[in-house]
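Structure first, then comments.
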Amino acid sequence: KMVEDLYRQRVLNFLDAFYSGDIEAAQACCDDNYDSITYAPIELFPHLGHKHGKDWVAEAIRTQQKRYSSRKHEIRFLSVDGARVATIQHLSLRKRNDDRVVQLEVAEFFTLRGGRILQHRTFFDSFDFVQQLLGEDLTDAFAAGVRDAMRR
């Protein structure tokens, strides 16, 4: 129980540091062999995908800070099972270029070793996120294309 509390707090500290832009504190929560995968199309999100090492944490924070004037996260769910921690978060990001706010639900899975985050896996609805970034609904055109492809 005490170890699970430590892991829970480590993940909370990491997320707070990440979204407040505290690179040093975020990296301090991570193992030297930190391994991260964000499951999203890298053709659309080249800064995501499979990344390795604590330097990636700094790069991710800087990339988001460049694109968004404010970044807020709210934890909607958190579960700890031994050295594994899962969260579901609601993110609210204000775009720098047009001041629009994009919102998304993100599922994150952490595996810890020696009190530090070793593995990090992230999932989000990239289609919905792209629509918000573009400011337009692509569902009808996309669905028509999928229906057409399935008829062939």
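Because the structure is a prediction, the values reported are computed rather than measured.
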**Asked** Which atom names give the shortest non-hydrogen contact between Ser92 and Gln103, and what distance separates them?
**Response** OG-CG, 4.2 Å

**Message:** For the aromatic rings, using the six-membered ring if either is Trp, is the centroid distance between Tyr34 and Phe110 under 6.0 Å?
**Reply:** no

**Message:** Quick check on Glu136: does its CD atom have over 12 non-hydrogen neighbours (other residues, nucleotides or ligands) under 6.0 Å away?
**Reply:** yes

**Prompt:** Got Arg94 and Val102 here, is their nearest side-chain heavy-atom distance under 4.5 Å?
**Reply:** no

**Message:** Please report the interatomic distance CZ(Arg67) to CG(Asn97), rounded to the nearest 0.5 Å.
**Reply:** 10.5 Å

**Request:** With salt bridge (charged side-chain N to carboxylate O under 4.0 Å, His left out) as the test, would you mind laying out the steps for Lys72 and Glu74 before giving the verdict?
**Result:** CA-CA 7 Å; Lys72 296 179 181 149; Glu74 177 190 333; over 6 Å; no

**Item:** Atom of Gly21, atom of Ile61 and distance for their closest heavy-atom approach
**Value:** CA-CG2, 3.9 Å

**Message:** Just verifying a value: how many Å separate Leu78 CG and Leu12 CG, rounded to the nearest 0.5 Å?
**Reply:** 5.5 Å

**Request:** Please report the shortest heavy-atom distance between Gln27 and Ala58, naming the atom on each side.
**Result:** NE2-CB, 3.7 Å

**Asked** Any luck finding a side-chain donor-acceptor pair between Ser36 and Gln119 under 3.5 Å?
**Response** no

**Fill in**
Closest non-hydrogen atoms of Ser126 and Pro41, given as atom of the first, atom of the second and distance, are OG-CD, 3.4 Å

**Message:** Taking Leu44 as the starting point, is it possible to reach Leu48 by hopping between hydrophobic residues whose side chains are less than 4.5 Å apart?
**Reply:** yes

**Prompt:** Just by modelled atom types, is the Gly115 backbone N or O under 3.5 Å from a matching donor or acceptor in the Arg10 side chain?
**Reply:** yes

**Request:** Evaluate whether atom CZ of Arg84 has more than 12 neighbouring non-hydrogen atoms of other residues, nucleotides or ligands under 6.0 angstrom away.
**Result:** no

**Item:** Separation between CD1 of Ile117 and SG of Cys30, rounded to the nearest 0.5 Å
**Value:** 4.5 Å

**Prompt:** Between Tyr39 and Phe123, how do the two ring planes meet: parallel, tilted or perpendicular, split at 30° and 60°?
**Reply:** parallel

**Complete:** Taken to the nearest 0.5 Å, the spacing of Leu104 CG from Asp125 CG works out to 8.5 Å

**Item:** Over 12 non-hydrogen atoms of neighbours within 6.0 angstrom of CG in Asp55
**Value:** no

**Request:** Using a 4.5 Å cut-off on heavy atoms from C-beta on, say whether the side chain of Val11 contacts that of Thr87.
**Result:** yes

**Prompt:** Any chance the side chains of Gln9 and Asp5 put a donor and an acceptor closer than 3.5 Å?
**Reply:** no

**Request:** Specify the closest pair of heavy atoms between Ala26 and Phe14, including all atoms of both residues, with the distance to one decimal.
**Result:** O-CD1, 3.4 Å

**Prompt:** Hey, is Arg121 close enough to Asp35 for a salt bridge, meaning N to O under 4.0 Å?
**Reply:** yes

**Asked** Does the side chain of Lys51 come within less than 4.5 Å of Ile37's, by heavy atoms?
**Response** no

**Message:** I'd like to know if the side chain of Glu108 and the backbone of Thr122 have a donor-acceptor N/O pair within less than 3.5 Å.
**Reply:** no

**Message:** When you compare the side chain of His73 with that of Val106, does any pair of heavy atoms fall below 4.5 Å?
**Reply:** no

**Request:** Kindly indicate whether a cation-pi arrangement holds for Arg71 with Phe18, taking the cut-offs as under 6.0 Å to the six-membered ring centre and within 45° of the axis.
**Result:** yes

**Request:** Starting at NE2 of His120, measure out to OG1 of Thr38 and round the result to the nearest 0.5 Å.
**Result:** 6.5 Å

**Asked** Among side-chain atoms of Ser20 and Asp22, is any donor-acceptor pair under 3.5 angstrom?
**Response** no

**Item:** Under 3.5 Å donor-acceptor, Arg96 side chain and Gln65 backbone
**Value:** yes

**Request:** Taking all heavy atoms of Gln132 and all of Val101, pick out the closest pair and write down the distance.
**Result:** OE1-O, 4.3 Å

**Asked** Under 4.5 Å between side-chain heavy atoms, hopping through other hydrophobics if needed: is there a path connecting Leu118 to Val57?
**Response** no

**Asked** Are Leu133 and Leu93 joined in one hydrophobic group, where the rule is that I, L, V, M, F, W and Y side chains link up if heavy atoms are under 4.5 Å apart?
**Response** yes

**Message:** Within the 4.5 Å heavy-atom criterion, are Tyr68 and Thr63 side-chain neighbours or not?
**Reply:** no

**Prompt:** Do other residues, nucleotides or ligands put more than 12 heavy atoms under 6.0 Å from Ile42 CD1?
**Reply:** no

**Complete:** Output for pair (Lys54 NZ, Glu24 CD), nearest 0.5 Å, gives 10.0 Å

**Asked** Does the side chain of Tyr19 come within less than 4.5 Å of Gln89's, by heavy atoms?
**Response** yes

**Side chains of His47 and Arg62, donor plus acceptor under 3.5 Å** = no

**Message:** With clusters defined by side-chain heavy atoms of hydrophobic residues (ILVMFWY) lying less than 4.5 Å apart, directly or transitively, does Leu134 cluster with Phe45?
**Reply:** yes

**Request:** Tell me whether Trp56 is reachable from Leu15 by hopping between hydrophobic residues (I, L, V, M, F, W, Y) whose side-chain heavy atoms are closer than 4.5 Å.
**Result:** yes

